[in-house]
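Only one structure is covered here, and it is reproduced in the block below.
Starting from 1, each residue takes its place in the sequence as its number.
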Amino acid sequence: KLCGRLFAQIGMYTDAETMLLAALEDDRRIQGTEAPEVASTLHILAEMLRGSVSACQTVKERYKAALRGVRYSRECLRIRRKCFEEVSTDVGGALHMLGYHCAEYANGAHALAFFEHSRMSLEKAHYISKQLGDVEMTATTLQDLGLCFYYQMRYRAAMKFYQAACHTIVANFGSRHPDLAVPTFNIANVMCAAGSYDRAIDFYKLSYSINMDALGPNHSWTVTAHGSLQKAVQRLSASESELLYYSDNEVEAHFEVVGSAIDVSSDEDEDPEVGSTEPTSSEQGNSSKKPSVSMTWEEIEQLSTQENVNKLLLSLVEDPVMVEDEESEDYYEDYDSRSEDESERGEVELNLVQVELMAVTQSPSTGAGTGQSWQDQESEQVATSDDEM
């Protein structure tokens, strides 16, 4: 189990899943099939697949990994509901993982019904986290609620949740916390959907810098953030006569920093500006030097300073991103890349998830002492999110 977790931390997800499945069999044999330790290993598997899904190179790989995540987290939820109180970190964590993987599967496989299960799971997990005062879970459920709405092209609601997640993380954990890389990356995605590539670049750079600092240049999340940054710069270049704040040489030199990890190189010697929209005098003085590893880390640290992060988040309030929601029906119409067997497995899992979620929502302990069910409390927040933006 420990080896599996270590493999997951360095992005070797196939090996991680193999190790963790072996640990799961041992847990079931030694502890019993309904033991809390079994649920714990299932949760670790679901967490591992969260990283794996993000690293998948094709849509089919992504939704197949997500469906395994749905299965692991749904079984984890079933066992934990037997072993723990309803309002507990264990049940909340299982609901959170279930909601995330339902959203990923719904998006990748175009299985719309899973979006509703995702929303229900994440809303309940968010309610539990607030009851427990678990700030970290609160932040990640906000982020994943945003993801659920983003996949449905409800961009204004997604932006609301992403911003709330960022503020929660910065206020409680600081501007260098690894979890901040996720909502800032997704804010950049919404900006790209709005065509605001110049603003998206700043948030991609922040996400990339945090991942570089926390995970290193070779981790799949770092490479993904870098790739999205590169695409945003290319789209900006294509949409305007010249790059705002960036010359071609500066962009290429910036990519050279991790060229060995992602097969991008440059013959230019200029040092890219990072951490601000315009180069400082010291950066201009170093522009003729080829970037070294030490310079890169210094620049990365500057990107994720509290001052710079607060400035970026404040810009979202002072100058909100103007983005319209899109009709998702056309996107999903007459499309299903799944085989008949894959579709059947998806439907079976959908029904099993529904059974578990109905059991949670009907629990007498849910929303106790509030005079209002958790569905009513959280749905009010979601229902008004579009109007508030």
- [ ] Please test Y150 against Y155 for ring pair (Phe, Tyr, Trp, His ring centres under 6.0 Å), starting from the C-alpha separation and ending with a verdict.
- [x] CA-CA 5 Å; Y150 174 81; Y155 298 126; 5.5 Å; yes
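- Between the CE atom of M12 and the OG atom of S52 there is a distance of 12.5 Å, given to the nearest 0.5 Å.
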- [ ] List the steps, then state whether side-chain contact (heavy atoms from CB on, under 4.5 Å) holds for V353 with E349.
- [x] CA-CA 6 Å; V353 170; E349 197 61 46; 4.2 Å; yes
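- Judged by distance alone, with hydrogens and angles left aside, the side-chain atoms of R62 form a donor-acceptor pair with the main-chain N or O of V53 at under 3.5 Å.
- At least one side-chain heavy atom of L316 sits under 4.5 Å from a side-chain heavy atom of M159.
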Open item on the list: Assess the residue pair S73 and Y100 against the criterion (side-chain contact (heavy atoms from CB on, under 4.5 Å)); give the C-alpha distance rounded to whole Å, side-chain angles, the decisive distance to 0.1 Å, and a yes or no.
Closed with: CA-CA 10 Å; S73 52; Y100 169 80; over 6 Å; no
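- Here the NE2 atom belonging to H177 is positioned 12.5 Å from the CG atom belonging to D213, to the nearest 0.5 angstrom.
- At a threshold of 4.5 Å between non-hydrogen side-chain atoms, the residues L45 and M48 count as touching.
- Classified by interplanar angle (parallel below 30°, tilted 30° to 60°, perpendicular above 60°), the ring pair H117/F114 is perpendicular.
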Open item on the list: Would Y197 and Q234 count as a side-chain hydrogen bond (donor to acceptor under 3.5 Å, both in side chains) here? Give the steps.
Closed with: CA-CA 9 Å; Y197 301 118; Q234 291 170 344; over 6 Å; no
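- For the atom pair CG of L147 and CG of N107, the computed distance is 8.0 Å after rounding to the nearest 0.5 Å.
- A salt bridge does not link R29 to E25: none of the charged nitrogens lies less than 4.0 Å from a carboxylate oxygen.
- Of all non-hydrogen atoms in C76 and H43, the two that sit nearest each other are SG-CB, 3.8 Å.
- Between H101 and A46, the closest heavy-atom pair is NE2-O, 2.9 Å.
- V182 and Y208 are members of different hydrophobic clusters when ILVMFWY side chains are connected at heavy-atom separations under 4.5 Å.
- The hydrophobic clustering, which links ILVMFWY residues whose side-chain heavy atoms are closer than 4.5 Å, places I79 and L98 apart.
- Of the possible polar contacts, one joining the T222 side chain to the G216 backbone as a donor-acceptor pair under 3.5 Å is found.
- Two different hydrophobic clusters hold M97 and L132 under the rule that ILVMFWY side chains link at heavy-atom gaps under 4.5 Å.
- A heavy-atom distance below 4.5 Å is not found between the side chains of K205 and S209.
- Within the 4.5 Å cutoff, no side-chain heavy atoms of Y204 are placed close to those of I201.
- Contact check for L122 versus L95: no side-chain heavy atoms found under the 4.5 Å cut-off.
- No salt bridge links E61 with K64; every basic N to acidic carboxylate O contact stays at or beyond 4.0 Å.
- Contact of the V38 side chain with the L24 side chain is registered, since non-hydrogen atoms from C-beta on lie closer than 4.5 Å.
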- [ ] Carefully, step by step, assess N186 and F203 under the rule side-chain contact (heavy atoms from CB on, under 4.5 Å).
- [x] CA-CA 9 Å; N186 287 326; F203 281 89; over 6 Å; no
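- Here the CG-NE2 distance, from N211 to H219, works out to 8.0 Å after rounding to the nearest 0.5 Å.
- Taking 4.5 Å as the limit, some side-chain heavy atom of I169 sits within range of a side-chain heavy atom of P183.
- A continuous path of ILVMFWY side-chain contacts below 4.5 Å connects L313 to V190, so both sit in one hydrophobic cluster.
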Task: Residues K1, D27; criterion side-chain contact (heavy atoms from CB on, under 4.5 Å); working and verdict - done: CA-CA 10 Å; K1 189 181 301 186; D27 284 336; 3.1 Å; yes
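- R199 contributes a side-chain N or O that, together with a main-chain N or O of S315, makes up a donor-acceptor pair within less than 3.5 Å.
- Between L42 atom CG and E47 atom CD the span is 12.0 Å, to the nearest 0.5 Å.
- The aromatic ring centroids of Y13 and F7 lie 6.0 Å or more from each other.
- Nearest heavy atoms, L180 versus V309: CD2-CG1, 4.0 Å.
- Heavy-atom minimum distance, F161 versus L142: CB-O, 3.2 Å.
- A donor-acceptor pair under 3.5 Å links the side-chain atoms of T138 to the main chain of D134, judged by distance alone.
- Y105 and Y63 have perpendicular rings, their planes meeting at more than 60° on a 0 to 90° scale where under 30° would count as parallel.
- Atom OG1 of T224 sits about 12.5 Å away from atom CG of L229, to the nearest 0.5 Å.
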Open item on the list: I'd like to know whether D144 forms a salt bridge (Lys or Arg N to Asp or Glu O under 4.0 Å) with R50, so could you lay out the CA-CA distance, the side-chain angles of the two residues, the decisive distance to 0.1 Å, and finally the verdict.
Closed with: CA-CA 11 Å; D144 288 342; R50 181 187 179 103; 2.7 Å; yes
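- Between the side chain of E356 and the backbone N or O of L352, no donor-acceptor pair lies under 3.5 Å.
- Residues I10 and L6 are not in side-chain contact: their nearest non-hydrogen atoms beyond the backbone lie 4.5 Å or more apart.
- Residues Y72 and I44 share a single hydrophobic cluster, defined by chaining ILVMFWY side chains whose heavy atoms lie under 4.5 Å apart.
- Counting all heavy atoms, side chain and backbone alike, A158 lies closest to F149 at N-CB, 3.9 Å.
- More than 12 heavy atoms of other residues, nucleotides or ligands shown are found within 6.0 angstrom of CZ on R78.
- Shown here for T168 and A139, the closest heavy-atom pair between the two residues is CG2-CB, 3.9 Å.
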